[in-house]
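Encoded as structure tokens, the structure appears first; notes follow it.
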Amino acid sequence: MMILAPIQRFDYAFSTLCLCHRFNLVTAKISRAISRTGDGHLYVVIALLVVMFDQQKGAEFLSLGLMAFAIELPIYFLLKNSVKRDRPTELPSFIKPSDRYSLPSGHTAAAFIMAALVSYFYPSFAPYVWVWASLVGLSRVMLGVHYFSDIIAGIVLGLSAFQFATEML
């Protein structure tokens, strides 16, 4: 596992930089609010609004989104339970995660699926949803529940699932 040592050192250094400063409580409050937008409720609201108000693209938006999440979720659970990378424990944590393992970040994967989905159908919103998805990923590091490489893995997983779903439909 020597090849992973530089990644682990970077992850720890980046997390230390993000979590061990005098403004970490304020940052954690903001990060928690951002992270909550990636909990899943917003995705349902967006999907319902698109289906209700866009007769032309609504059904396809919903189908592609459901397909992407149907691809992403089993892979996410398989990776989490195969890799079994522990969450950061030696650094401050500002929320209690729902499970023990950190790789990949499910919040990040889901946020990047939604960003890709919205950008695909509504390109004018692309700059906003990509910034939002990136902030969801970063918020997970700022809350002390993920390492930076977990976020990268979540991005790759989310975008790969979306790409595969677009090729299937």
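When reading the values below, keep in mind they use all heavy atoms of this one structure, side chains included, and skip hydrogens, waters and symmetry mates. Everything numeric in this text was worked out from a predicted model, so none of it was measured. Quick note: residue numbers are just sequence positions, from 1.
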Common cluster, Met67/Val118, ILVMFWY with side-chain heavy-atom separation under 4.5 Å: yes
Roughly how far, to the nearest 0.5 Å, is the OH atom of Tyr101 from the CG atom of Leu79? 14.0 Å
Find the distance between CE (Met168) and OG1 (Thr166) and round it off to the nearest 0.5 Å. 10.5 Å
Only pairs under 3.5 Å count here: list side-chain donor-acceptor contacts from residues 44-57, not counting sequence neighbours, and write none if there are none.
unit_1, atom_1, unit_2, atom_2, d
Asp54, OD1, Gln56, N, 3.2
Asp54, OD1, Lys57, N, 3.1
Asp54, OD2, Tyr122, OH, 2.5
Gln55, NE2, Met52, O, 3.3
Lys57, NZ, Phe121, O, 3.0

Answer yes or no: is there a side-chain heavy-atom contact under 4.5 Å between Phe69 and Tyr43? yes
Examine distances only and state if a side-chain atom of Thr37 and a backbone atom of Ile34 form a donor-acceptor pair shorter than 3.5 Å. yes
Nearest heavy atoms of Gly158 and Ile113, plus distance in Å: O-CG1, 3.3 Å
What I want to check is whether the side chains of Asp150 and Ser102 have a donor and an acceptor closer together than 3.5 Å. yes
Show the numbers, then the answer: is there a ring pair (Phe, Tyr, Trp, His ring centres under 6.0 Å) between Tyr12 and Tyr147? CA-CA 7 Å; Tyr12 185 78; Tyr147 292 109; 7.6 Å; no
Under 3.5 Å donor-acceptor, Asn81 side chain and Phe77 backbone: yes
Assess whether side-chain hydrogen bond (donor to acceptor under 3.5 Å, both in side chains) is satisfied between Arg85 and Ser149, documenting all intermediate values. CA-CA 11 Å; Arg85 182 182 194 188; Ser149 60; 2.7 Å; yes
Distance from Asp11 atom CG to His146 atom NE2, nearest 0.5 Å? 11.5 Å
Whether Trp130 and Phe112 hold their rings parallel, tilted or perpendicular, with breakpoints at 30° and 60°: tilted
Ile71/Tyr76 under side chain to side chain contact (heavy atoms under 4.5 Å, CB included): CA gap, chis, key distance, verdict: CA-CA 9 Å; Ile71 293 166; Tyr76 162 80; over 6 Å; no
Within the 4.5 Å heavy-atom criterion, are Ser35 and Leu143 side-chain neighbours or not? yes
Do Phe164 and Phe61 sit in one hydrophobic cluster, given that two such residues count as connected whenever their side-chain heavy atoms are within less than 4.5 Å of each other, even indirectly? yes
Residue pair Lys80 / Pro104, side-chain heavy-atom distance below 4.5 Å: yes
Just jot down the side-chain contact (heavy atoms from CB on, under 4.5 Å) partners of Leu138, sequence neighbours excluded, or say none. Phe14, Met142
List the atom of Ser15, the atom of Val141, and the distance in Å for their closest heavy-atom pair. OG-CG1, 4.2 Å
Working to the nearest 0.5 Å, report the span between CZ of Arg87 and CG of Asp99. 4.5 Å
Quick one: do Tyr120 and Leu66 end up in the same hydrophobic cluster if we chain Ile, Leu, Val, Met, Phe, Trp and Tyr together by side-chain heavy atoms under 4.5 Å apart? no
Do Leu157 and Ile75 come close enough that some side-chain heavy atom pair is under 4.5 Å? yes
If you count the non-hydrogen atoms of other residues, nucleotides and ligands that lie under 6.0 Å from OH in Tyr128, is the total more than 12? no
Within the structure provided, determine whether Phe162 and Leu64 are in side-chain contact (heavy-atom separation under 4.5 Å). yes
For Val136, does its backbone N or O pair with a side-chain atom of Ser139 as donor and acceptor, under 3.5 Å? yes
Check whether any side-chain heavy atom of Arg140 sits under 4.5 Å from a side-chain heavy atom of Ile151, and report yes or no. yes
